[in-house]
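Heads up, the thing below is written out as structure tokens.
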Amino acid sequence: MIRVGSDFSGVGAFNQALQRLGIEYKEIFACDMDKYARQTFIENYGEPKYYPTNVYEREIPSESLDIYMTSPPCQTFSLIGNRLGKNDNRGILFFNSHEFIKLNNPRYFIFENVKGLLSDNNGNTFNEWINYLGGKSVNGLPVLFPNENALPYHLYWKVLNAKNFNVPQGRERVFIIGIRDDKDNNFSFPKEQITDKLLIDLLDQSVDEKYFLSKKMIDYLQQNTIKQKNNGNGFKFSPTNGHSIAKTITTKEGSRIDDNFIFVNNKIRRLTPRECFRLMDFPETFNWSVSDTQAYKQAGNSIVVNVLCELIKNLPL
């Protein structure tokens with residue numbers, strides 16, 4: 001049985017992946033400050049014995065974890081002069097995860113973040129993350145002059161798209177895998193293959209009328225599309241019949257012009273929360289009792305389960 005812990009745990013995509021793989025695990029802790037995400041987490045997995053709300057106050061276990069999972073928000077910070085981002089509570093979250101790894105020394109860690117991390121602050125943010133996390137090697141290349149704060153880990157990173165892992169959603173996320181120096185560090189990212197599934201395969205045949213757009217809403221989205229085009233932006237209202245790959249699920253799915261909208265019998269509707277969770281590869285047994293607003297947020301903030309499965313399968317546990 002492996003020992004695991006997660007920060008920014010959300011609704012437990014990490015737990016879903018472990019359970020799907022049939023891996024027996026002991027959850028040392030989970031941590032999330034969103035009370036509605038916590039409610040959904042507990043509803044599906046039970047309440048962890050240690051379930052803090054704040055990563056700043058979360059205790060660091062003395063015994064090393066087997067896998068530490070974290071997804072700290074990307075915020076610009078500077079290592080030259082004043083660390084500008086560190087004056088913002090959100091800016092220090094990376095350093096919080098870094099401190100956890102430094103003190104707990106887990107066998108493996110997994111970071112997940114938006115693709116925009118690569119270009120944040122002209123790429124400096126991501127480079128500093130890599131310099132701080134990978135003191136031994138990065139993508140198979142040895143680090144000759146490690147940062148003084150670098151952790152003794154072998155690092156592998158790559159941008160993965162959910163549509164290449166049997167999930168019909170275009171969702172690019174950067175994943176960083178860390179392997180402790182005393183472990184087998186010959187990691188390879190899973191093979192990618194574009195899914196043959198389409199959005200329509202995950203849609204319900206009948207949904208509540210409340211998910212259909214009013215004429216007023218359609219007019220607003222169409223007018224906003226014209227406005228965006230005049231401003232030189234590519235965002236547009238573009239309903240589909242579902243015979244395509246879904247756009248990236250957002251935390252406010254169905255309220256933005258570039259979200260997923262479906263043509264049905266000469267009407268247009270947004271996705272339902274259940275359809276959003278399907279596009280995040282959560283099973284039909286996954287439950288929630290929160291509002292639609294919170295459910296959309298939870299799906300949009302989560303991680304595609306099968307992507308995590310494929311990554312974890314390649315760790316020599």
Hey, are [X] and [Y] close enough for a salt bridge, meaning a charged N less than 4.0 Å from a carboxylate O?
X    : Y    : answer
E310 : K313 : yes
K210 : D292 : yes
E63  : R3   : yes
E192 : K158 : yes
D32  : R58  : no
D182 : R107 : no
K215 : D219 : yes
D201 : R278 : no
K247 : D258 : yes
K267 : E209 : yes

(message) If I compare all heavy atoms of P273 with all of W288, which pair ends up nearest, and what's the gap?
(response) CB-CZ2, 3.8 Å
(request) List the steps, then state whether salt bridge (Lys or Arg N to Asp or Glu O under 4.0 Å) holds for E172 with K163. (result) CA-CA 9 Å; E172 292 184 302; K163 71 179 184 180; over 6 Å; no
(message) Tell me whether the NZ or CZ atom of R256 lies within the 45° cone about the ring axis of F235 and under 6.0 Å from its centre.
(response) no
(message) Quick one about Q169 and T248 (side-chain donor to acceptor, distance below 3.5 Å, no hydrogens or angles considered), yes or no?
(response) no
(message) Under a 3.5 Å cutoff, is there a donor and acceptor pairing between the side chains of T70 and D7?
(response) no
(message) Evaluate D34 against K297 for salt bridge (Lys or Arg N to Asp or Glu O under 4.0 Å), listing each step before the verdict.
(response) CA-CA 11 Å; D34 187 298; K297 179 181 178 182; 3.1 Å; yes
(request) Would you give the length of the straight line joining atom CD1 of I262 to atom CG of N241, rounded to the nearest 0.5 angstrom? (result) 8.5 Å
(request) Fit a plane to each ring of F111 and F109, take the angle between them on a 0 to 90° scale, and name the class: parallel (under 30°), tilted (30 to 60°) or perpendicular (over 60°). (result) perpendicular
(request) Spell out, yes or no, whether V290 and F41 are grouped together once hydrophobic residues are joined by side-chain heavy atoms under 4.5 Å, including indirect joins. (result) yes
(message) Hydrophobic cluster membership, with links at side-chain heavy-atom distances under 4.5 Å among I/L/V/M/F/W/Y: are V305 and F14 in one?
(response) yes
(request) State, yes or no, whether a side-chain contact exists between R270 and Y296 at a heavy-atom distance under 4.5 Å. (result) yes
(message) Assess the residue pair F29 and S9 against the criterion (side chain to side chain contact (heavy atoms under 4.5 Å, CB included)); give the C-alpha distance rounded to whole Å, side-chain angles, the decisive distance to 0.1 Å, and a yes or no.
(response) CA-CA 10 Å; F29 72 92; S9 307; over 6 Å; no
(message) Quick check on ring pair (Phe, Tyr, Trp, His ring centres under 6.0 Å): which of F126, F175, F189 does W157 satisfy it with?
(response) F126
(request) Determine, step by step, whether Q16 and Y45 satisfy the side chain to side chain donor-acceptor pair (under 3.5 Å) criterion, reporting the C-alpha distance in whole Å, the side-chain angles of both residues, the deciding distance to 0.1 Å, and the verdict. (result) CA-CA 9 Å; Q16 284 287 341; Y45 319 105; 3.2 Å; yes
